[in-house]
Visitor: 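This is the structure I want to talk about, given as C-alpha cells.
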There are 2 protein chains.
Amino acid sequence: MAAAAGVAPSTVSRAFSRPGRVNAETAARIHAVASELGYRTNPIARALPTGRTSMLAVIISDVTNPFFFEIIRGAEAAAADAGYVMLLVDAQESSTDEREAISRAIPIVDGLVLANSRMSNHAIRTVSAQRPAVVLNRPMSGMPSLVSDNARGSRRAVEHLAELGHHALTYVAGPEASWADGMRWRSVLEAASELDLRVRRVGPFPPTLAGGTAAVREMAANPSTAVIAYNDLMAIGLMRGLIDLGARIPRDVSVIGFDNIFGSDFCTPPLTTVAAPLHSLGAVAVRMLLQELGNRTSGVVRPAMLPTHLVVRESTGPPPRRRQAPRWASTAPSAATGDGSGPDPAPDPARHPAPTSDQPRREERSAGRTAAAAPAPTAPEPVRRSAATRSSESTTNGSAARDRA
Amino acid sequence: MAAAAGVAPSTVSRAFSRPGRVNAETAARIHAVASELGYRTNPIARALPTGRTSMLAVIISDVTNPFFFEIIRGAEAAAADAGYVMLLVDAQESSTDEREAISRAIPIVDGLVLANSRMSNHAIRTVSAQRPAVVLNRPMSGMPSLVSDNARGSRRAVEHLAELGHHALTYVAGPEASWADGMRWRSVLEAASELDLRVRRVGPFPPTLAGGTAAVREMAANPSTAVIAYNDLMAIGLMRGLIDLGARIPRDVSVIGFDNIFGSDFCTPPLTTVAAPLHSLGAVAVRMLLQELGNRTSGVVRPAMLPTHLVVRESTGPPPRRRQAPRWASTAPSAATGDGSGPDPAPDPARHPAPTSDQPRREERSAGRTAAAAPAPTAPEPVRRSAATRSSESTTNGSAARDRA
DNA sequence: CAACCGGTGGCAATCGATTGCAGCCCAAGC
DNA sequence: GCTTGGGCTGCAATCGATTGCCACCGGTTG
C-alpha cells in the first residue's frame, strides 16, 4: 500500500489516523489509492502497538434468557455506532465458565460489560482492574454500574393493583441471592404498606417458567386476588398453573411480572408487567464503557439508574367480588380470607407434585408500619431444597442472580 | 517472560505451540514460570505473524429474532469447545448493514457463519472467497451450507393433521423470497396430495406476529379446520386473531407452526410445531466451519441437512363435526364448505383493518394429481402490495420475526 | 580426524501498523 | 545571505509473538 502510493508506511498511517498531520494533497492521493485497492488498515496490526482493538466484550450470564435479547441488541447497536466490534460471550450461568471466558476475552478487548454477572464482587473487581468494565443489573460501588429502577417499578405495580381495588397481594420471590429480587420485594412491601394493602411473600422459586408453576401450589393453599412475580417468566408459568386449576385471569387473579420480555405480550392473557428499558440498558452500559475508555479520570462513580414503567395489558383487573374461597383454592374456605390466621392447609401433593415441598412457608405479614420499617428479610431460615430445585434455580435468571457457591 | 525463564522468546513460543520441539525439562520450567506469572500468550501478537486469530464471526440477520436464540447458543458452545472466541454480529435485517459489519469483521476472524443472510448469493460468494464461510438456512452450491429438513417436517405436519381426521388445510405463507417458505409450501402441497387433503394457500404475509394476525381475515373469509403457518410467530399471531374472533383452538381450528421457538410452549394454547434443531444448527454450522479451517481441501460440498421433528402440543386436534359455517367465519355459510366454488365473500375491513387488503386472493387448489405434479408456483401473478407489506417481505428469510418501525 | 547425527535452543527477520525523532524544504525575518 | 521556524515526511524502533535457519552438543561412524 505504501509503495503503491509512493510514500512511506508511516505517512499512510498518519493519513488515516491523524488527518491534519499530512499534506492535504498527499492525503488525497493516499486515500484514492487506498479505496482503489480496497485497502483498510489491519485492525490486528494496529492493535499491537496501540494496545487498542476497538472491541468490546459483553458477557451475558445466559444468552438464551429472553431477558437479554434486547439488551444484546442495544449493546450491539451502541458499539457499532462507535465503531466498535462486539464480542458476545455466554457465561452459561456458570461462574467458572464466566471467569474462563473473560480471561480469554480480556487480552483482545478494550473493555467489557458484565451483564448479570454471576461472579463474586471480588472477581469482578479483579476484572475491572485489568480493563475498564461496566456492571449491568448489579449496583457496585467504586466502578461504573447500571441498574433499572426496580423500586419505582414495584411501586407502580402496587399502585396499579390498589387502583383496581385490590386489598392484598402475594409476591412470588425469585432467587434470594439476586439483588433485583431483594429490591423488588422491599419496594413492594413498602408501597403496599403505604397504600394499605396486605402483602405476603412466597418462595424463593427458580426464576423460570417452572419456578412460576411451582409457586401455584402455595398460591392455591393460600389464595390471594393479586400476584406480583419476580419476573415475567415466573409470571407466565404462574398464570399457566393457575389456569390449569380453573382460575380465570384476571377475573379471579391479577398477575404482574417484571422485565417485559419477548413473549410477555403474546402469552395468554398478555401480561401486565414492569417494563425494564432493556434496549437502553444495553446501549447505555456500552456508552458508559465507551466514556470510561475515553477518559480514565472517572471520579466518584455511582450506580446509574434507568427508569422503568408499568405496561398494563390484560392480566390485571379488579378483584372478584365474592369473599368465599375461589374454586381453584386447594382447600378450606377459611384459607381464602387470606389473613393467614389459621394453620396452612396441607397441600395436595398428588395433584401438584411440587419440587419445593420441603420448603418452609413464610408467614404472611401485614404491611403495617413495623413490617415496612424492617428491611427485607433475606433467608431468615436455612432453606432445604431438593437437588432438582437447586440446580434448576441456577438455570435462568431474569435479573441479577449471584453465585452462591 | 522469556527473561524470567532464562530462555529466548523463541523457546517460549515453541514451548507453547509445539510441545515436542522443546526439551521436556525446559518446557516444564517455562510452564512453571508462566503459570506463576499468570502469563498467557497474547492472541493479538500471535495473530500478526500467523494470520490466525482463533475468532469466528457469526452473522445473524436479527439478534432479536427468537429463532436465533438457540442457534446462537449452539454456535457459542461449539466455538468455545474448540477454543475459539465468537464474534456476534447483528445485521439488523439490512443487507447493507450486513455487508458493512462483515467487512469490519473479516480481517479479525478466521471464518464466519452467515445465518439467514440477507445478502445476494454473489455477495456471499465474495465473502467466502476471502474467508472460509458456512451458510446457514440457505442451500448454496459450491460452499458449505446447512439447512434443516423442511420437507420432512412439512410432511409430518400434514400427516399429523390427516391422522386427526382433517380433510383440508390452509397454508399461511411467509415471505416469498424465502427459501424456507418455498420449501415448506411445496412439501405441504405434495404431502397433502398424497394423503388426499385439500390445500389452500394464503399470503404472503410478513413472518411476524402481526403477519399472522393479518392472515386471520383471509381465514375468516374462507374458513378451514386446519392451518399450517410459515413459522411460529405467525402461528401465534394467527391463533390470537382467531381467538379474538371467538374461535376455539384446537376445537374449531388446528394450528401448526414451524421452528419451535422460545415462547411456542407458553402461548395459548401451546403450539404444535415442526421443531428445527436450533441448537444443533448453530453448533453444526460452527463445526463445519472449523473443519473447513482445518483442511481447505474440501472437494464437492453439498448442503448438509439436519432433521426436524414434529412437536405435538395443544393447538391441534380433531376437526369439528359440524359442516356449517363456524361462528368465527366472516360471512355466508356457503363459504364455509371450503370448496371455494363460490365467489369470495368480501371481507369486512372495518372489523379487521388489514395491511394486505389489496392483495389478490389465491384460488383454492385441490391437491389432486395435477396440482401435486406441478412444482410450487412462486409468485405466479404479479402481486400488488402495500409499501408496508413489501418492505416487510424482504426483511426475512429462513424465519424471521421482528416487527419493524 | 572429520563428517554426520538427532535433539535443542538462539538469532534475526517478519507480520503491519504506530510514533518519537530527525531531516528536508521553503518562506519569513533580520 | 544566513538563520530560524513551521510544515511535512521518512527513518527506525517498537508492539509480542512466530518460524526458518544455523550453531552447538556429545556421541558414533567411516
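All values reported here derive from a predicted model rather than from experimental measurement. Chain letters run A, B, ... following the sequence lines, proteins first and then strands; every chain starts at 1.
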Visitor: Would you compute the distance between atom CZ of A/R52 and atom CD1 of B/I44 and round it to the nearest 0.5 angstrom?
Guide: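 Spacing of CZ (A/R52) from CD1 (B/I44) equals 11.5 Å.
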Visitor: Let's see if you can work this out: which of C/dG9, D/dG16, D/dT19 has an atom nearest to the side-chain heavy atoms of B/V22?
Guide: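 Comparing C/dG9, D/dG16, D/dT19 against the side chain of B/V22, the answer is C/dG9.
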Visitor: What is the distance, rounded to the nearest whole Å, between atom CG of A/N23 and atom P of D/dC8?
Guide: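 My rounded result for the distance is 5 Å.
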Visitor: Can you confirm whether or not the ring centre of B/F68 sits under 6.0 Å from the ring centre of B/F262?
Guide: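 No, the ring centres sit 6.0 Å or more apart.
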Visitor: Is the closest basic N to carboxylate O distance between A/R73 and B/D62 below 4.0 Å?
Guide: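 Yes, A/R73 and B/D62 are salt-bridged.
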Visitor: Taking the minimum atom-to-atom distance to the side chain of B/T11, which one of C/dG16, C/dT19, C/dG9 wins?
Guide: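 Side chain of B/T11 sits closest to C/dG9.
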Visitor: Checking contacts here: which listed nucleotide (D/dG10, C/dT18, D/dG16) is nearest the side-chain heavy atoms of A/A8?
Guide: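 Nearest to the side chain of A/A8 among the choices is D/dG10.
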Visitor: Look at all strands and tell whether B/V7 reaches a base, only sugar-phosphate, or nothing, counting heavy atoms closer than 4.0 Å.
Guide: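 Here B/V7 touches the backbone only, sparing every base.
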Visitor: What is the separation between atom CZ on B/R40 and atom P on D/dA17, rounded to the nearest whole Å?
Guide: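 Going from CZ in B/R40 over to P in D/dA17 covers 13 Å.
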Visitor: For A/I44 and D/dC15, give me the distance from atom CD1 to atom P, rounded to whole Å.
Guide: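 Checked: the CD1 to P distance equals 19 Å.
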Visitor: Return the 5'-most residue of the pair B/T26, A/Y39 with respect to DNA chain C, ranking by each residue's nearest nucleotide.
Guide: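 The answer here is B/T26.
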Visitor: Below 3.5 Å, does any donor atom in the side chain of B/S10 face an acceptor in the base of C/dC11, or the other way round?
Guide: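 In this structure, the two groups form a donor-acceptor pair.
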Visitor: Do you see a donor-acceptor pair shorter than 3.5 Å between the side chains of A/E98 and A/S61?
Guide: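 Side chains of A/E98 and A/S61: no pair found under 3.5 Å.
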Visitor: Check the distance between D/dG16's P and B/L48's CG and give it to me in whole angstrom.
Guide: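 Atom-to-atom, B/L48 to D/dG16, this comes out as 12 Å.
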Visitor: Starting at atom CZ of A/R46, determine the distance to atom C1' of C/dA17, rounded to an integer number of angstrom.
Guide: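 Going from A/R46 (CZ) to C/dA17 (C1'), I get 8 Å.
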Visitor: For B/S13, report the nucleic acid contact type (base, sugar-phosphate, nothing); a contact means any heavy atom under 4.0 Å.
Guide: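 Base: the residue B/S13, judged by heavy atoms under 4.0 Å, touches a nucleobase.
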Visitor: Take the protein atom CZ of A/R14 and the nucleotide atom P of D/dC11, then report the distance between them rounded to whole Å.
Guide: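 For the pair A/R14 CZ and D/dC11 P, the rounded distance is 11 Å.
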Visitor: In whole Å, I'd like the distance from the CZ atom of B/R21 to the P atom of D/dC21.
Guide: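 My rounded result for the distance is 12 Å.
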Visitor: Taking atom types as modelled, find out whether B/S103 and A/R40 have a side-chain donor-acceptor pair closer than 3.5 angstrom.
Guide: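 Yes, because at least one side-chain N or O of B/S103 sits under 3.5 Å from a partner of the opposite role on A/R40.
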Visitor: Does a side-chain N or O from B/R18 land closer than 4.0 Å to OP1 or OP2 of D/dT19, or not?
Guide: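 For B/R18, the contact criterion (side-chain N or O under 4.0 Å from OP1 or OP2 of D/dT19) is met.
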Visitor: For the pair made of CD in B/E25 and C1' in C/dT8, what is the distance, rounded to whole Å?
Guide: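 Computing the B/E25:CD to C/dT8:C1' distance gives 12 Å.
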